[in-house]
2 protein chains.
Amino acid sequence: MSACRALRGSNALLRAVSASSTSSAARITRPIAVSLESRRRFTASPRAMSSFYPSWEPEGPSVKTEIPGPRAKAAIAELDEVFDTRSLNMLTDYSKSVGNYIADPDGNVLLDVYAQIASIPLGYNNPALRKAATNVDMINGIINRPALGNFPPAEWAEILKTGILKVAPKGLNQVFTAMAGSDANETAYKAAFMWRRQRERGGPAVEFTEEEMNSAMNNQSPGASQLSILSFKSSFHGRLFGSLSTTRSKPIHKLDIPAFDWPQATFPQLKYPLESHAAENAAAERAALDEVEHLLTTYHLPPCAVVIEPIQSEGGDNHATPSFFRGLREITRKHGVLLIVDEVQTGVGATGRFWAHEHWDLPHPPDMVTFSKKAQTAGYYFGDPALRPNKPYRQFNTWMGDPARALLFRAIIQEIEKHDLVRHTAKVGEYLYGKMEGLAEKYPDEFVNLRGKGMGTFIAFDSPRRDAFLAKAKTLGVNIGGSGQSAVRLRPMLVFEEKHADVLVDVLERVVTSW
Amino acid sequence: MSACRALRGSNALLRAVSASSTSSAARITRPIAVSLESRRRFTASPRAMSSFYPSWEPEGPSVKTEIPGPRAKAAIAELDEVFDTRSLNMLTDYSKSVGNYIADPDGNVLLDVYAQIASIPLGYNNPALRKAATNVDMINGIINRPALGNFPPAEWAEILKTGILKVAPKGLNQVFTAMAGSDANETAYKAAFMWRRQRERGGPAVEFTEEEMNSAMNNQSPGASQLSILSFKSSFHGRLFGSLSTTRSKPIHKLDIPAFDWPQATFPQLKYPLESHAAENAAAERAALDEVEHLLTTYHLPPCAVVIEPIQSEGGDNHATPSFFRGLREITRKHGVLLIVDEVQTGVGATGRFWAHEHWDLPHPPDMVTFSKKAQTAGYYFGDPALRPNKPYRQFNTWMGDPARALLFRAIIQEIEKHDLVRHTAKVGEYLYGKMEGLAEKYPDEFVNLRGKGMGTFIAFDSPRRDAFLAKAKTLGVNIGGSGQSAVRLRPMLVFEEKHADVLVDVLERVVTSW
């Protein structure tokens, strides 16, 4: 808290920003208009970033009707005839959504810190991405979709090297491309199983036995391996059959679906504030690592890989320290088990580093890093050539991703670099976290276990009445998501600025003072 | 064969077409140029279709170098540094590929009857799709990718109704959208498991027990159901963990990957020509149905669904009769088991019907039909409202498909309707099948078990030296794929015309006369 107090006490400009925030909140129900005066005020501040795309966004939210309003209600009823709408959060008018603001058919415009479940990197209707979408390469990618394993485009190496691989995690220089987070993780798991069995078999040159080939066709061992993937309690890695077997976030995700009998370890449950629970938290992390090591060495289906999120992003925004992850890397290496870091939600800048695992200062890189969401494409990075299976067609499918989406990621990377958006997000995150500390201090029963310090804008807290909190925030002009049972998770885009943080924090405060 | 003879004997125009084919084959090594004379000759024939997009295509293949040639080889070596190229068939220059012709960086242009593993519906660089790709809706879909379950676009109902659902199989009026064939099948399986357990539980209103919720989190029953999906030997349904457990095509797909202990039934192995083996084939189909019924009633993990391809399209192009499929529908209904028809490869017109299962004249529709490939999007159709799980978020993921790809499918459907391409494909298929019968008659040891009569252009045969056959065809200017151990599978696009059939048949003949 002291850092926050110092910040607030010493910087007059911040007070101006805060005042501006209040006034912008007061304008919430007024029609959207860009206030040049307010823009100039922000620009004048050495802390405030200028907008990346001038004259791009509304200056604040605008809630005109209940949500859903009458138009949305009618459209939802029509949609529900053919498409399940029970998970619908907000019917969206994407043509009117701009930057950090999401619009609906009734003219409501909300600050969006949920961002399509953390999947929009650069704001709605980003002009640079629009340009990329009209480029001839993109159009060719849309209309001439290749089977990438069989018939890759001549320029595929260049697309990868200037795009997906340009931001490859340190030590990982190859990629297998996929469609979304679930199959990115599952193909990584498949690589892990093949890698482990190949090693057990005696190397890539050793042929499969007749028994292996025959039993594989019958889904039996030894052809179908009796190995496992170790994941963590409250983790989320996807919802297809293999990934769902490693997902442990909520029963509703898993009920009735057959699952592999794979092991789970406890994810350390840190207590907040961290400074007051250092010894206790270290002990929890040590215990979790001991449990992992125990499972790696004793589980009846030997784990060939451990999969972990840098922050458990669906299961409650659960963090662990770099020391924990370094310990995990050490244990997995010790036991010849692969470490798969699932950066589907944490990747692409939101934590203030391009990949969240960069925060850990690992002596050896993860064996595989999976990505999707903000990348708008998907896949897994790897470095060890032994992770290419020993024969072609073992890791293969028809499309193996989508070049159009790979091209979009390249354009996203270019914009991130052009505007230095990862560093920007680190700075805005610091600003936002300071403001959140202020709220937590003022309303300790409403903003509980504030977490994500130093992790960019990847910030969360627990709310004693979480679902009501989210619903109320929407009526006040901010779209926010939950995580786990009680967490409010903030997932701003990379173009989220201090001025947006001010709007957000103002609404968060008004939520808890409204009941 | 008799039908073929009659056709060839009676139609002078066909002989003209055949002569033209020979001359176009003779031009194979000449630079590509559109011959207006040959185009006019085709147009004059009442059987020959005019080109759908005039002046669009080269008039024939052009092989200038070995494949891969020097440019491709250099590019492949560069690509292989970062992306596994061992399954690479042909590095492709999509900017120079047009219609039914695929090009490579060395200037080779091949007639393409593989079509990105049966995934290109309307030819490369189709002008109508190019127009759709530059439409403002498409651009918005690319740059503002929604989480469709939470934040669907206001126009999503309209996109579905004018696109994916416009071609919904009879009796199935709803859709769950997905990314590709594997997750389309897997989400269909998930719907089946939830449907069955809900029924066993006593209906949608019955709540889950504590025991179910707790055991599900631990991947154990009763929360994780002990049910199964029944599939057929030599089937292919995808390569993620659940779909791979139902795939039974080749060991290389399955080795080392953990699998569910699910049952497989024998797919009837028909003998050709069908006319000479009617009783034997009927007995094989009866035996297969008996085996299915036995497994449905006795397997230790009760099947909640049977999944089947109308034609086993990866596992050898294995066909069964409409009577077999009607029997399968009857048995599944009798035992309260769902029937999932996997139309990922057979769907969207190639068999001369929009969906291959329309050939069966089913008294009751399948419970679910999965689609992808030529649709360029994916998902499963269903009709019974009970296939929506009883609670939201049970069938859910972040993206749930890609609206950009759904828009492309809508444009594909419009073109199919505009040019009546399904009926066209039925007719061209008939023409091609007749020509293939001629080859099989002339070279009975080279074109074995010709199959696919009446199934549009979805035609195959066995070759005693299949891999060499495919390699030789490529040197002669035609790109073809294999299926199973010995089948050559023809997968032309829907814009494949009689003139292309002539080029194809000419090359097929030259392949077998070349050794």
Side-chain angles (χ1 to χ4, degrees), chain A residues 75 78-79 82 84 86-87 89-94 105 116-117 124 129-130 133 139-140 142-144 146-147 149-151 153-154 157 160 165 174 179-180 186 190 193-194 197 213 216 219 223-225 239-242 251-252 254-261 388 392-393 396-399, chain B residues 75 78-79 82 84 86-87 89-94 105 116-117 124 129-130 133 139-140 142-144 147 149-151 153-154 157 160 165 174 179-180 186 190 193-194 197 208 213 216 219 223-225 239-242 251-252 254-261 388 392-393 396-399:
Chain A
E78 188 197 348
L79 178 58
V82 296
D84 190 350
R86 290 170 300 164
S87 309
N89 183 318
M90 183 174 145
L91 195 76
T92 304
D93 184 341
Y94 287 96
Q116 309 301 317
I117 317 181
Y124 298 108
L129 299 190
R130 180 175 298 281
I139 293 162
N140 286 341
I142 290 283
I143 68 177
N144 302 316
N150 280 166
F151 302 94
L160 291 175
L165 286 167
Q174 297 184 59
M179 301 287 298
E186 295 208 0
K190 286 179 68 174
F193 287 116
M194 292 187 278
R197 288 289 300 127
M213 290 199 281
N219 292 6
S225 70
R239 299 187 58 158
L240 300 173
F241 287 81
I252 199 77
K254 292 171 73 75
L255 275 156
D256 297 345
I257 312 303
F260 291 107
D261 187 16
R388 284 193 190 180
Y393 286 105
F396 183 85
N397 59 67
T398 295
W399 283 331
Chain B
E78 188 195 348
L79 178 58
V82 296
D84 190 349
R86 289 170 302 164
S87 309
N89 183 318
M90 182 174 144
L91 196 76
T92 303
D93 184 340
Y94 288 96
Q116 309 301 318
I117 317 181
Y124 298 108
L129 299 190
R130 181 175 298 281
I139 294 161
N140 285 342
I142 290 284
I143 68 177
N144 301 315
N150 279 164
F151 301 92
L160 292 175
L165 287 167
Q174 296 184 57
M179 300 289 297
E186 294 208 358
K190 287 179 68 173
F193 287 115
M194 293 188 276
R197 288 290 300 129
F208 308 115
M213 291 198 282
N219 292 6
S225 69
R239 300 186 57 158
L240 301 173
F241 286 81
I252 199 78
K254 292 171 73 73
L255 275 157
D256 297 345
I257 312 302
F260 291 108
D261 187 15
R388 282 191 191 182
Y393 286 105
F396 183 85
N397 58 67
T398 295
W399 283 330

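Each chain gets a letter, A, B and so on, in the order its sequence line appears, and its residues count up from 1.
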Checking heavy atoms, do the side chain of [X], its backbone, both or neither come under 4.5 Å from chain A?
X      : answer
B:L165 : side chain
B:L160 : side chain
B:P105 : side chain
B:F208 : side chain

Against chain A, work out which of B:P258, B:A224, B:G149 has the most heavy-atom pairs shorter than 4.5 Å and name it.
->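 Ranked by contacts with chain A, first place is B:P258.
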Which of B:R239, B:M179, B:Q174, B:M90 touches chain A most, by non-hydrogen pairs under 4.5 Å |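 Winner by heavy-atom pair count: B:R239.
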Do you know the tightest heavy-atom contact between [X] and [Y]?
X      : Y      : result
A:A216 : B:L255 : CB-CD2, 4.1 Å
A:L91  : B:P153 : CD1-O, 3.9 Å
A:D256 : B:S225 : O-OG, 2.7 Å
A:I143 : B:A133 : CG2-CB, 3.8 Å

Heavy atoms only, distances under 4.5 angstrom: which of [options] has the most pairs with chain B? Name it, please.
options                : value
A:D93, A:D261, A:I117  : A:I117
A:N150, A:I257, A:T92  : A:N150
A:L129, A:N140, A:I142 : A:I142

Sidechain-backbone polar pair: B:Q116 side chain, A:A147 backbone, donor-acceptor under 3.5 Å |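 Yes; at least one donor-acceptor contact below 3.5 Å.
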Does any N or O in the side chain of B:S87 come within less than 3.5 Å of the main-chain N or O of A:P392, such that one atom is a donor and the other an acceptor?
->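 Pair absent, no side-chain N/O of B:S87 close to backbone of A:P392.
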Could you grab the distance from atom [atom1] of [X] to atom [atom2] of [Y], nearest 0.5 Å is fine?
X      : Y      : atom1 : atom2 : result
A:F396 : B:D84  : CZ    : CG    : 10.5 Å
A:R130 : B:I139 : CZ    : CD1   : 6.5 Å
B:R86  : A:R388 : CZ    : CZ    : 6.5 Å

Do the rings of B:F241 and A:F260 sit parallel, tilted or perpendicular, given the 30° and 60° boundaries?
->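 The rings of B:F241 and A:F260 stand perpendicular, inter-plane angle above 60°.
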What part of A:N144 is in contact with chain B, defined as an atom under 4.5 angstrom from a non-hydrogen atom: side chain, backbone, both or neither?
->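 Both backbone and side chain.
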